[in-house]
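Inspection log for the structure reproduced underneath, given as structure tokens.
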Amino acid sequence: MTAGNTIAMEGIFSWMKGVAVFLIFSGFLLQLLPDEKYQKYVRFVIGLVLMLLVGAPLFRLGNLEENIVDRIHLFSMEQSREEFRTEIRHAEEGYREQLEAEYQDILAEQLAELAAEEGYEVLSVQAEISMKDDENFGAIQSLTICLVTDGVAESSPDDSSSQAEAEQALRALRRKIQQQYGTEENDITIQMESR
């Protein structure tokens with residue numbers, strides 16, 4: 001026998017030993033399973049691995065082994081990428097909700113300052129804010145402000161000058177809001193409540 005034949009015979013022998021060890025291990029594993037309903041799944045996996053073991057020499061001849069490993073690696077990377085995209089989407093949704101809540105808080109503070117300049121106190125602010133990724137991101141689509149008077153005389157049906165002053169103060173507040181936030185007049189609702 002030549003050296004090349006000896007190496008080939010040793011390779012075949014080690015391959016056969018690997019298949020035999022795998023079959024013994026597989027039989028042992030099947031005996032350890034507590035329930036027969038799992039055996040069909042384990043046998044399926046064992047069959048796949050056995051096919052790979054038996055076909056390994058053929059795969060090496062045709063360089064298929066590297067191809068299979070590359071495809072498995074590519075599939076694994078694709079799965080990881082999709083999981084990462086899902087995680088990013090969830091993180092973005094949480095970030096947007098947090099951003100909108102912070103924006104609402106800042107908006108309420110700023111509107112309280114504007115209202116105080118006109119003699120009103122803000123009870124509540126409800127704003128609908130565009131959170132879409134376009135040119136209107138962060139724009140106020142509608143705004144509802146609930147105010148109470150703080151220094152502006154309450155209007156009574158008999159006192160037309162007080163009522164005119166109150167309406168003028170509300171118009172001034174509405175104009176300031178329009179100018180500062182670029183919101184249309186019909187998108188701003190101001191409600192008055194008395195103390």
Side-chain angles (χ1 to χ4, degrees), residues 35 37-38 40-42 44-45 48 64 66-195:
D35 197 358
K37 67 179 179 180
Y38 296 115
K40 68 178 179 179
Y41 301 111
V42 173
F44 176 73
V45 172
L48 289 175
L64 293 175
E66 289 178 23
N67 224 351
I68 290 172
V69 170
D70 287 345
R71 291 203 184 260
I72 290 172
H73 183 67
L74 184 64
F75 177 75
S76 173
M77 284 178 36
E78 189 66 35
Q79 290 296 107
S80 297
R81 188 178 325 148
E82 192 58 39
E83 289 172 8
F84 185 64
R85 284 181 184 153
T86 302
E87 288 175 19
I88 287 175
R89 272 188 237 117
H90 290 313
E92 283 178 351
E93 289 170 7
Y95 176 72
R96 283 182 188 271
E97 290 171 3
Q98 181 182 0
L99 181 66
E100 187 173 4
E102 289 177 12
Y103 191 5
Q104 291 267 4
D105 293 342
I106 292 169
L107 182 63
E109 289 174 15
Q110 291 175 349
L111 287 172
E113 290 174 13
L114 285 175
E117 291 174 7
E118 298 299 325
Y120 294 103
E121 181 183 336
V122 175
L123 286 180
S124 66
V125 174
Q126 293 177 336
E128 186 179 324
I129 301 168
S130 173
M131 298 304 283
K132 294 179 183 173
D133 287 330
D134 58 12
E135 67 274 355
N136 294 326
F137 180 80
I140 299 171
Q141 295 174 327
S142 68
L143 183 63
T144 303
I145 309 166
C146 185
L147 303 173
V148 291
T149 55
D150 187 36
V152 175
E154 292 271 339
S155 61
S156 64
D158 301 338
D159 192 4
S160 62
S161 66
S162 295
Q163 187 176 7
E165 288 175 16
E167 287 177 12
Q168 185 177 359
L170 283 176
R171 278 195 300 275
L173 177 61
R174 188 182 302 268
R175 270 193 308 276
K176 284 182 180 180
I177 293 170
Q178 282 179 277
Q179 290 171 353
Q180 184 155 344
Y181 299 105
T183 307
E184 297 293 324
E185 184 176 349
N186 57 353
D187 293 335
I188 301 171
T189 304
I190 299 177
Q191 301 171 344
M192 296 296 298
E193 288 192 15
S194 59
R195 288 189 188 204

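Along the sequence shown, residues carry numbers from 1.
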Self-check item: Side-chain ion pair, E92 and R89, N-O less than 4.0 Å
Solution: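 Judged by the 4.0 Å cut-off on N to carboxylate O distance, E92 and R89 do not form a salt bridge.
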
Quiz item: Charged N to carboxylate O below 4.0 Å: is that the case for E93 and R96?
Solution: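 Judged by the 4.0 Å cut-off on N to carboxylate O distance, E93 and R96 do not form a salt bridge.
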
Separation of [Y] [atom2] from [X] [atom1] (nearest 0.5 Å):
X    : Y    : atom1 : atom2 : value
E83  : R81  : CD    : CZ    : 12.0 Å
L74  : Q79  : CG    : CD    : 10.5 Å
E82  : E78  : CD    : CD    : 7.0 Å
I188 : L170 : CD1   : CG    : 11.5 Å
I177 : T183 : CD1   : OG1   : 8.0 Å
Q141 : S130 : CD    : OG    : 4.5 Å

Please check if the number of heavy atoms outside [X] that lie under 6.0 Å from its [atom1] is greater than 12.
X    : atom1 : value
F137 : CZ    : yes
Q180 : CD    : yes
E167 : CD    : yes

Quiz item: Name the one of Q168, R174, K176, R171 that satisfies side-chain hydrogen bond (donor to acceptor under 3.5 Å, both in side chains) with E118?
Solution: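 Single pass found, and it is K176.
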
4.5 Å side-chain heavy-atom contact, [X] and [Y]:
X    : Y    : answer
L147 : L173 : yes
Y181 : L107 : yes
T189 : L143 : no
D187 : I140 : no

Self-check item: Any donor-acceptor N/O pair, S80 side chain to S76 backbone, under 3.5 Å
Solution: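 Checking the backbone N and O of S76 against the side chain of S80, a donor-acceptor pair under 3.5 Å is found.
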
Quiz item: Is the backbone of A127 close enough, under 3.5 Å, to the side chain of Q104 for a donor and an acceptor to pair up by distance?
Solution: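 Confirmed, Q104 side chain pairs with A127 backbone.
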
Quiz item: According to the salt bridge (Lys or Arg N to Asp or Glu O under 4.0 Å) rule, which pairs have a member within residues 100-114, sequence neighbours left out?
Solution: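 As it turns out, there is no salt bridge (Lys or Arg N to Asp or Glu O under 4.0 Å) pair with a partner in residues 100-114 once direct neighbours are skipped.
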
Exercise. Check the pair Y103, L99 against side chain to side chain contact (heavy atoms under 4.5 Å, CB included), reporting the backbone distance first and the verdict last.
Key: CA-CA 6 Å; Y103 191 5; L99 181 66; 5.5 Å; no

